[in-house]
Amino acid sequence: MQLSYCITCYNRYEQLQKTLLKNLSTIKETNNTRIILVNFNGNDNKDITNFIDINCKQYINNGNLIYYIYKDNFEWCASIAKNVAHRLASDNDIVINLDCDN
C-alpha cells in the first residue's frame with residue numbers, strides 16, 4: 001500500500017515552485033509515499049515542465065514523483081483534474097488531494 005498525494009496544476013506555476021520541492025524533501029524513499037503531479041497544460045505549461053526537468057529528476061527516478069501532462073483541451077474543472085490524478089495512482093493506494101499552493 002502506498003500514500004499518494006495528488007496535486008493538479010493549471011496556471012499555478014508560481015505557487016507550485018514555492019511548495020513542491022519542500023513537499024518532496026519531506027518524503028523518504030522507503031516510506032511508500034509519493035506525489036502525483038498533473039499539469040493541465042495551462043499558459044505556464046513550459047515553465048512548470050522546465051522547473052520539473054531542472055529540479056525534480058531525482059524524485060521521478062526514485063518513484064517519489066509522478067509527473068503527467070494532460071494535453072486534452074477542456075474547460076478547467078477541479079473534479080475532472082482530481083479524477084485524472086487519482087487514475088494515475090495504483091488501485092490499492094491511499095489517495096489524498098493536495099492543492100499546489102499548500
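Not measured: the values here are computed from a predicted model.
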* Below 4.5 Å, heavy atoms only, C-beta onward: do Arg34 and Ser90 meet side chain to side chain? -> yes

* Asked: Does Phe40 offer a backbone N or O that forms a donor-acceptor pair with the side chain of Asn45 under 3.5 Å?
  -> no

* Asked: Cys9 versus Val38: any side-chain heavy-atom pair under 4.5 Å?
  -> no

* hydrophobic_cluster_shared for Phe51 and Ile60, side chain cutoff 4.5 Å -> yes

* Asked: Got a sec: does the CD of Glu14 have more than 12 other heavy atoms crowding it under 6.0 Å?
  -> no

* Asked: In terms of heavy-atom contacts, does CG of Asn43 have more than 12 from other residues, nucleotides or ligands at under 6.0 Å?
  -> no

* Structure fact -> Residues passing the side chain to side chain contact (heavy atoms under 4.5 Å, CB included) test with Ser79, sequence neighbours excluded, are Cys77

* **Side-chain donor-acceptor pair present, Asp93, His86, cut-off under 3.5 Å** => no

* Give a yes or no on whether the backbone of Tyr13 and the side-chain of Asp44 come within a donor-acceptor separation of less than 3.5 Å. => yes

* Return the set of residues passing side chain to side chain contact (heavy atoms under 4.5 Å, CB included) with Ile35 (not counting sequence neighbours), or none when no residue passes. => Tyr5, Ile7, Leu20, Asn23, Leu24, Ile27, Leu65

* Do you reckon Leu98 sits in the same ILVMFWY cluster as Ile94, going by side-chain contacts under 4.5 Å, direct or chained? -> yes

* Kindly indicate whether the side chain of Leu3, heavy atoms from C-beta on, has any atom under 4.5 Å from the side chain of Asn32. => no

* Asked: Looking at CG of Asn64 and CD of Gln2, how far apart are the two atoms once the value is rounded to the nearest 0.5 Å?
  -> 8.0 Å

* Decide yes or no for Leu37 and Leu16: does some side-chain heavy atom of the first lie under 4.5 Å from some side-chain heavy atom of the second? => yes

* Asked: Has the side chain of Asn39 got a donor or acceptor atom that lies under 3.5 Å from a matching backbone atom of Tyr67?
  -> no

* Asked: Given the rule in the side chain to side chain donor-acceptor pair (under 3.5 Å) test, do Thr8 and Tyr70 qualify, once you have shown the distances and angles that lead to the verdict?
  -> CA-CA 10 Å; Thr8 59; Tyr70 187 84; over 6 Å; no

* Asked: With hydrophobic residues grouped by side-chain heavy-atom distances under 4.5 Å, do Val95 and Leu88 end up in a single group?
  -> no

* Structure fact -> Here the gap from Thr19 atom OG1 to Gln15 atom CD, rounded to the nearest 0.5 Å, amounts to 8.0 Å

